[in-house]
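Hydrogens, waters and symmetry mates are skipped; everything else that's a heavy atom, side chains included, is used. Below, chain A is the first sequence line, B the second, and so on; all start at residue 1.
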Number of protein chains: 2
Amino acid sequence: MTGSGPGRRGRATIEDVARLAGVSRQTVSRAVNDMAEITPSTKQRVLEAVRTLGYRPSRFARGLVKQDTTTVGLIISDLVNPFFPEVAAGVLAAAENRGWHVVVCDTQYRLDKELSALEVLAHQADAIVGYLGSPDEVLERHAAGVPLVLLERSSQSPRLGSVGIDVEAGVRAGMRHLVSSGHTRIGMLDGAPYPAQSAQNDRRLHFLTVAEEFGLPVDQHWVHVCDQSVLGGFTAMDELLTEHPDTTAVFAFNDLIAVGAVQAARRRGRGVPEDCAVLGFDGLQLGELIDPPLTTLHIDKRRLGELAVEQVALILADRAPSPAQRPVVRPQLVVRRSA
Amino acid sequence: MTGSGPGRRGRATIEDVARLAGVSRQTVSRAVNDMAEITPSTKQRVLEAVRTLGYRPSRFARGLVKQDTTTVGLIISDLVNPFFPEVAAGVLAAAENRGWHVVVCDTQYRLDKELSALEVLAHQADAIVGYLGSPDEVLERHAAGVPLVLLERSSQSPRLGSVGIDVEAGVRAGMRHLVSSGHTRIGMLDGAPYPAQSAQNDRRLHFLTVAEEFGLPVDQHWVHVCDQSVLGGFTAMDELLTEHPDTTAVFAFNDLIAVGAVQAARRRGRGVPEDCAVLGFDGLQLGELIDPPLTTLHIDKRRLGELAVEQVALILADRAPSPAQRPVVRPQLVVRRSA
DNA sequence: TTGTAGGCGTTATCAC
DNA sequence: GTGATAACGCCTACAA
């Protein structure tokens, strides 16, 4: 009823400060946002009141009246896979350039977490970019009208932006390299966990296509699915070599898996690359450090994140990005010693 | 003057929806937040209006009236150093548990970026946790009253929370291991870039102390400072071996540096660990994968992040955490083959 | 230089 | 079940 005092309802408001300093709210505002039209002495007095009351402006009230703060939500699959932090770094950098905030969610590759993250961010952000596995229509429903930019996934819906990797070119370059090195019995270690989402995983598709083009004696049985981790790669490689002992080369979904594959091969007494070549897909720093250094298709992950933010900017400016001009990063074959 | 139409000032408001559906704002609110007291048919009509107008509630207006959403800001030094994503993962997980949002900033170890991040987050978050290098009073000033939890750094100020690593115990365990393996001429590769902040870098201090306790013939000249990266470690190790060719073991600030040190040693034709042992400090997965596998002081990085969020919760609940009960994670010596 | 009035978009409270 | 009305905390006019 008194309606005053900082302790009343949590934090002090601009009103409380005004009262304590014996000025109007407006004057407090001028002092806090240090604007020009205010006497130094008054300013001092106000700022002192601010300090004793522990006053901090409400970001909500401020955001309500100045419509400028932009927040983009970032959804990634696994912060501990070194691939994603690099993408995130690109997103952060690009966002910071524009004065935008970024709130991050990690799905652990789980569709339920993905959807709840989507819902949370739909309330909290002005746009969302991320690695998403659910079908288009599910995504659109959960995003509830918030612009969405898909990473490494194309979509039919014109309402969804997207930024991609030129997987086909990458796979072609990689396979060409392996084949020209004399390999024909090439296996693939495909990353889970979105096997049902064909859109999600072009790597396997292109692998099979290109293998057929080259007339290789491999089919889908040469593709083993595994977790996107070193352990996953290790396990799957072990299975692959059991089922197809004549394998001489392996195409991995990503570098983590490739590293696991190298270990598995060696554990079985196969030299890499002499007995079995291993090809990665990512270009993580990790690949340079192991023995033998990993041959891989290097992706500019930072750039990927930056491009996503640019897409967001386009969409937010009502310039709906046409699917035709979908930005794409092209993998570069980096030949080291594993293949 | 007309004051209506969704196109007026960007987004449609609840008012626009109400008008189109021929109901009051309140009814729209009921429909959107699906509350109980509303006729299905009305709800349908409202929801349709929502869809055609592309209406989305303003998070600011909502946050203003419901005081519940909590956002914590996370400031880390370098997303690309695998150490930080693990800490971040802990923060994200703990925050999600409480229904909090996390906005992330990356400073690249730069003090200017650190301060601007602090200022931004002071407006945007209800609390901040992070790796910070500026002096206490600077931090407090820039945080502008927002609760702050320091990572891996103790502070004198009772107003700053903190979560740490028991560096002393870690260094002791590591040095004991090296000494008991017969090493006496032990160098150290210290991580930049906060040399002036003694609070920031207990590792060097404890290293020197413990070295003296053991009566080792090493002093500050055996400490070389470098970037917290593989390259940094490589370079510094090279310098160290040049100045002190009789070095038989090296204590690294972190695993990335240690990996670089291993490479530098080998490049010089020194076997690891036979000619020169290398000890890391982090416990990154990377360490298991290189050759030889890295002996290191393993830190539970996720836990560190979780503890930080718990500190935030305490502070936000006005239960100021006493410095006495500062949470600390204790490094565990993991002996592999590099030392 | 300072104060007053109004509105930003939403939810809560209370009538109807 | 539905609709006025009053906050929520701040800022941008404009008036004094």
_Helical bend (five base pairs per end, nearest 10°) for the helix from C:dT1-D:dA16 to C:dC16-D:dG1_ = 40°
*Give the C-alpha distance, both sets of side-chain angles, the deciding distance and a yes or no for side-chain hydrogen bond (donor to acceptor under 3.5 Å, both in side chains) between A:Ser134 and A:Glu114.*
CA-CA 8 Å; A:Ser134 305; A:Glu114 164 175 325; 2.8 Å; yes
Tell me if a side-chain donor or acceptor on [X] pairs with a main-chain N or O of [Y] at a distance below 3.5 Å.
X: B:Asp300; Y: B:Val329; value: no
X: A:Asn81; Y: A:Phe83; value: yes
X: A:Asp78; Y: A:Gln108; value: no

Which whole-number value in Å describes the distance from [X] [atom1] to [N] [atom2]?
X: B:Arg45; N: D:dT2; atom1: CZ; atom2: C1'; result: 11 Å
X: A:Phe60; N: D:dA7; atom1: CZ; atom2: C1'; result: 17 Å
X: A:Leu64; N: C:dC8; atom1: CG; atom2: C1'; result: 4 Å
X: A:Arg56; N: D:dC8; atom1: CZ; atom2: P; result: 18 Å
X: A:Asp16; N: D:dC8; atom1: CG; atom2: P; result: 11 Å
X: B:Leu53; N: C:dG9; atom1: CG; atom2: C1'; result: 15 Å
X: B:Glu37; N: D:dG3; atom1: CD; atom2: C1'; result: 13 Å
X: B:Asp68; N: D:dC8; atom1: CG; atom2: P; result: 16 Å

*For B:Ile38, answer base if it contacts any base atom (sugar-phosphate contacts may also be present), sugar-phosphate if it contacts only those atoms, and nothing otherwise; contact means non-hydrogen atoms under 4.0 Å.*
sugar-phosphate
*Please work out if A:Arg59 contacts a base, only the sugar-phosphate, or nothing of the nucleic acid, heavy-atom cut-off 4.0 Å.*
nothing
_The criterion is side-chain hydrogen bond (donor to acceptor under 3.5 Å, both in side chains); which residues satisfy it with A:Asp126, sequence neighbours excluded?_
B:Arg59
For residues 25-32 of chain A, tabulate all N or O donor-acceptor pairs below 3.5 Å that involve a side-chain atom, not counting sequence neighbours.
{"unit_1": "A:Thr27", "atom_1": "OG1", "unit_2": "A:Ser24", "atom_2": "OG", "d": "3.2"}

Does [X] make a side-chain N or O approach to OP1 or OP2 of [N] shorter than 4.0 Å?
X: A:Thr42; N: C:dT2; result: yes
X: A:Ser24; N: C:dG3; result: yes
X: B:Thr27; N: D:dG3; result: yes

*At under 4.0 Å between heavy atoms, which parts of nucleotides 11-16 of chain C does protein reach? Answer with one letter per nucleotide, 5' to 3': B base, S sugar-phosphate only, - none.*
BBB---
*Which nucleotide, C:dG3, D:dG3, C:dT10, lies nearest any side-chain atom of B:Thr13?*
C:dT10
*ring pair (Phe, Tyr, Trp, His ring centres under 6.0 Å) partners of B:Phe84, counting only residues at least two apart*: B:Tyr131
For a quick test of your reading: what N or O donor-acceptor pairs under 3.5 Å do the side chains of residues 43-58 of chain A make, sequence neighbours left out?
{"unit_1": "A:Arg45", "atom_1": "NH1", "unit_2": "A:Ala21", "atom_2": "O", "d": "2.6"}
{"unit_1": "A:Thr52", "atom_1": "OG1", "unit_2": "A:Ala49", "atom_2": "O", "d": "3.1"}
{"unit_1": "A:Ser58", "atom_1": "OG", "unit_2": "A:Phe60", "atom_2": "N", "d": "3.1"}
{"unit_1": "A:Ser58", "atom_1": "OG", "unit_2": "A:Ala61", "atom_2": "N", "d": "3.0"}

_For A:His101 and A:Thr69: C-alpha separation, side-chain torsions, deciding distance, then whether side-chain contact (heavy atoms from CB on, under 4.5 Å) applies._
CA-CA 8 Å; A:His101 310 303; A:Thr69 41; 4.2 Å; yes
